[in-house]
Colleague: 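The structure that follows is given in the form of structure tokens.
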Amino acid sequence: MTVAKTQIELARAGVVSPQMQQVAENENYAPERIRDLVAKGEIVIPNNPKFKGPAVGIGTGLRTKVNASIGTSSDICDIKSEIEKALAAEEEGADTLMELSAGGDLDLVRREVLAATNLPLGNVPLYQAFKETARKCQDPCKLDPEYLFDLIEQQLQDGLSFMAIHCGINQYTIERLRKQGFRYGGLASKGGTFMVAWMDATKRENPLYEQFDRVCALMKKYDAVLSLGNGIRAGAIHDSHDRAQMAEMIINCELADLGREMGCQMMVEGPGHVPLDEIEGNIMLEKRMSGNAPYYVLGPIPCDSGAGYDHITAAIGAASSARFGADLICYITPAEHLALPTVQDVREGVRATRLATRIGDIAKYPNRRENEKMAAMARREMRWDDLEKYLLFPEVAKSIRAERCPENEDTCTMCGDFCAMKKGMEVFEPDIKGDKIYKG
């Protein structure tokens with residue numbers, strides 16, 4: 001299956017595609033503005049022809065999007081459970097989904113998830129490449145690069161709309177790891193680590209870097225977004241922005257430029273574990289070096305001691321990332337660093353990340369704060385039914401209130417008859433004026 005032109009090629013030809021039109025409507029932008037930013041490579045729209053769900057725009061000026069990741073492992077392989085997680089992520093408001101299985105029938109899992117969800121689906125092809133090679137040859141380092149390229153196309157044919165492909169790892173980046181004495185937190189990327197091991201064992205260059213034009217040609221054929229995988233991302237805050245990570249980031253930003261020149265939609269990935277004070281600088285570097293390519297942020301996790309609550313740890317990093325310009329943020333669940341997530345973990349991860357991106361977006365885009373003002377006014381006047389319209393999680397809020405119903409329905413059980421809001425309105429209601437008056 002082929003398409004005549006990619007979104008970026010259509011935009012450069014002056015065409016507003018149906019996908020660009022839909023993104024414009026969803027984001028309240030002029031279609032021509034979306035087209036111009038797609039043409040520059042500052043917005044991407046994952047768009048495999050087999051994908052029939054709503055178009056999702058990722059990039060400059062748009063709402064920060066949330067990705068949820070699911071997938072089996074060698075210890076737990078339950079396709080039904082993974083489909084339940086995919087549906088839960090969609091129900092909770094995730095914008096994209098990654099299927100990252102590493103156990104069981106990997107083709108079957110991918111196809112079942114594709115059939116079940118309306119979200120653009122991505123993956124990491126190196127997972128299946130190394131797992132299948134290990135099954136066949138008992139050694140993942142016997143991976144045949146030709147098999148890898150064939151597998152990428154097979155997965156695209158199934159309908160994937162974006163792929164995290166580790167093109168930025170090369171012998172130079174590996175040498176940086178050796179010369180700096182490796183790392184405090186080791187390597188965090190499964191695909192990246194196995195590619196590093198393959199390069200070390202074979203003494204060959206990364207074929208995804210060496211044959212980058214071939215990778216782009218495959219992605220263009222299916223108008224899928226090439227997300228430049230962050231295989232050397234930091235797995236501990238003490239490794240943040242070390243020489244190896246920065247070497248890969250520079251290469252990925254260069255490749256983003258090259259890919260766009262070839263007419264391929266491109267994203268850059270990063271940065272893993274990053275202390276809070278370094279997040280702004282990390283995003284500034286990616287934007288500056290890549291020419292504002294959309295930045296797909298993994299975490300970032302700003303401390304290493306939050307296991308069990310890392311959905312909160314990462315939400316703190318995600319809010320800061322959204323504030324400073326991240327475009328797509330991969331959720332973290334409470335099970336991160338500990339276990340394969342459950343369906344409820346997925347729900348909590350999506351909720352925490354959606355809340356974080358809302359916080360970041362209302363700082364990044366001050367003109368988008370109207371919803372927060374309306375929520376505050378509804379709370380001030382204890383219009384509980386109205387308040388629900390402005391909440392991210394109205395059903396959760398409604399359930400909590402119903403479980404602990406106050407004696408006076410105008411108040412809540414936090415304050416009861418000692419209510420600051422109620423007393424404040426009694427004193428100042430005659431003085432309310434301008435847009436502080438609720439007009440119904």
Colleague: Hey, are Asp304 and His273 close enough side-chain-wise for a donor-acceptor pair under 3.5 Å?
Modeller: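 Distance-only check passes for His273 and Asp304.
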Colleague: Just checking, is any N or O donor in the side chain of Asp223 or Gln265 under 3.5 Å from an acceptor N or O on the other one?
Modeller: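 On atom types as modelled, these side chains qualify, holding a pair under 3.5 Å.
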Colleague: Roughly how far, to the nearest 0.5 Å, is CD of Glu280 from CG of Leu285?
Modeller: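 Output value for this atom pair is 10.5 Å.
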Colleague: We want to know whether Glu175 and Gln171 form a side-chain donor-acceptor pair, criterion being a heavy-atom distance below 3.5 angstrom.
Modeller: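 Per modelled atom types, Glu175 and Gln171 side chains form no pair under 3.5 Å.
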Colleague: For Asn230, which of Glu269, His166, Gln245, Glu248 qualifies under side-chain hydrogen bond (donor to acceptor under 3.5 Å, both in side chains)?
Modeller: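 When Glu269, His166, Gln245, Glu248 are each tested with Asn230, the side-chain hydrogen bond (donor to acceptor under 3.5 Å, both in side chains) holds only for Glu248.
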Colleague: Apply side-chain hydrogen bond (donor to acceptor under 3.5 Å, both in side chains) to Thr72 and Glu82, showing your working.
Modeller: CA-CA 7 Å; Thr72 63; Glu82 298 311 314; over 6 Å; no
Colleague: Quick check: do Met199 and Arg204 have side-chain heavy atoms less than 4.5 Å from each other?
Modeller: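 With C-beta onward as the side chain, the pair stays apart.
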Colleague: Out of Leu106, Val109, Thr133, which residue meets the side-chain contact (heavy atoms from CB on, under 4.5 Å) rule with Gln128?
Modeller: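 One option only clears the test, and that one is Leu106.
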Colleague: Rounded to the nearest 0.5 Å, what separates atom CG in Asp78 from atom CG in Leu340?
Modeller: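 With rounding to 0.5 Å, CG (Asp78) is 10.0 Å from CG (Leu340).
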Colleague: Is the closest side-chain donor-acceptor distance between Gln154 and Asp107 under 3.5 Å?
Modeller: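 Checked: Gln154/Asp107 side chains pair up, N/O donor to acceptor below 3.5 Å.
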Colleague: With a sphere of 6.0 Å drawn around OH of Tyr309, does it hold more than 12 non-hydrogen atoms of other residues, nucleotides or ligands?
Modeller: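 No, OH of Tyr309 has 12 or fewer neighbouring heavy atoms, counting only those of other groups under 6.0 Å.
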Colleague: Holding to side chain to side chain contact (heavy atoms under 4.5 Å, CB included), I want the full list of residues that pass it with Tyr127, two or more places apart in sequence or in another chain.
Modeller: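 Result, side chain to side chain contact (heavy atoms under 4.5 Å, CB included) vs Tyr127: Leu100, Val124, Lys190.
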Colleague: Between CD of Glu112 and NZ of Lys80, what distance do you get to the nearest 0.5 Å?
Modeller: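 Between atom CD of Glu112 and atom NZ of Lys80 there are 12.5 Å.
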Colleague: Surrounding NE2 of His238 (heavy atoms of other residues, nucleotides or ligands, distance under 6.0 Å), is the total greater than 12?
Modeller: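 No - once you tally the heavy atoms of other residues, nucleotides and ligands closer than 6.0 Å, there are 12 at most.
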Colleague: Is Glu27 paired with Lys65 through a side-chain N to carboxylate O contact shorter than 4.0 Å?
Modeller: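 The answer is yes: the pair qualifies as a salt bridge.
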Colleague: Answer yes or no: are there more than 12 heavy-atom neighbours, outside Asp277 itself, under 6.0 Å from its atom CG?
Modeller: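 Count over threshold, so yes.
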Colleague: Return yes if a side-chain donor-acceptor contact under 3.5 Å exists between Thr60 and Lys40, otherwise no.
Modeller: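 No - no donor-acceptor pair under 3.5 Å links their side chains.
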Colleague: Less than 4.0 Å between a side-chain N and a carboxylate O, is that true for Asp36 and Arg33?
Modeller: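 So Arg33 does not pair with Asp36 through a salt bridge.
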Colleague: How many angstroms lie between atom CG of Leu119 and atom CE of Met98, to the nearest 0.5 angstrom?
Modeller: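 Output value for this atom pair is 13.0 Å.
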Colleague: Using only atom types and a distance under 3.5 Å, with no angle test, would you say the side chain of Tyr29 pairs donor to acceptor with the backbone of Gly61?
Modeller: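 Flag set: sc Tyr29 to bb Gly61 pair under 3.5 Å.
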Colleague: Test salt bridge (charged side-chain N to carboxylate O under 4.0 Å, His left out) on Asp361 and Lys364 and set out the steps.
Modeller: CA-CA 5 Å; Asp361 279 354; Lys364 181 164 57 177; 3.7 Å; yes
Colleague: Aromatic rings Phe194 and Phe130: how do their planes relate, parallel, tilted or perpendicular, breaks at 30° and 60°?
Modeller: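 Tilted, since the angle between the ring planes falls between 30° and 60°.
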Colleague: Report the distance from atom OG1 of Thr6 to atom CE of Met262, rounding to the nearest 0.5 Å.
Modeller: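 Going from OG1 on Thr6 over to CE on Met262, the span is 12.5 Å.
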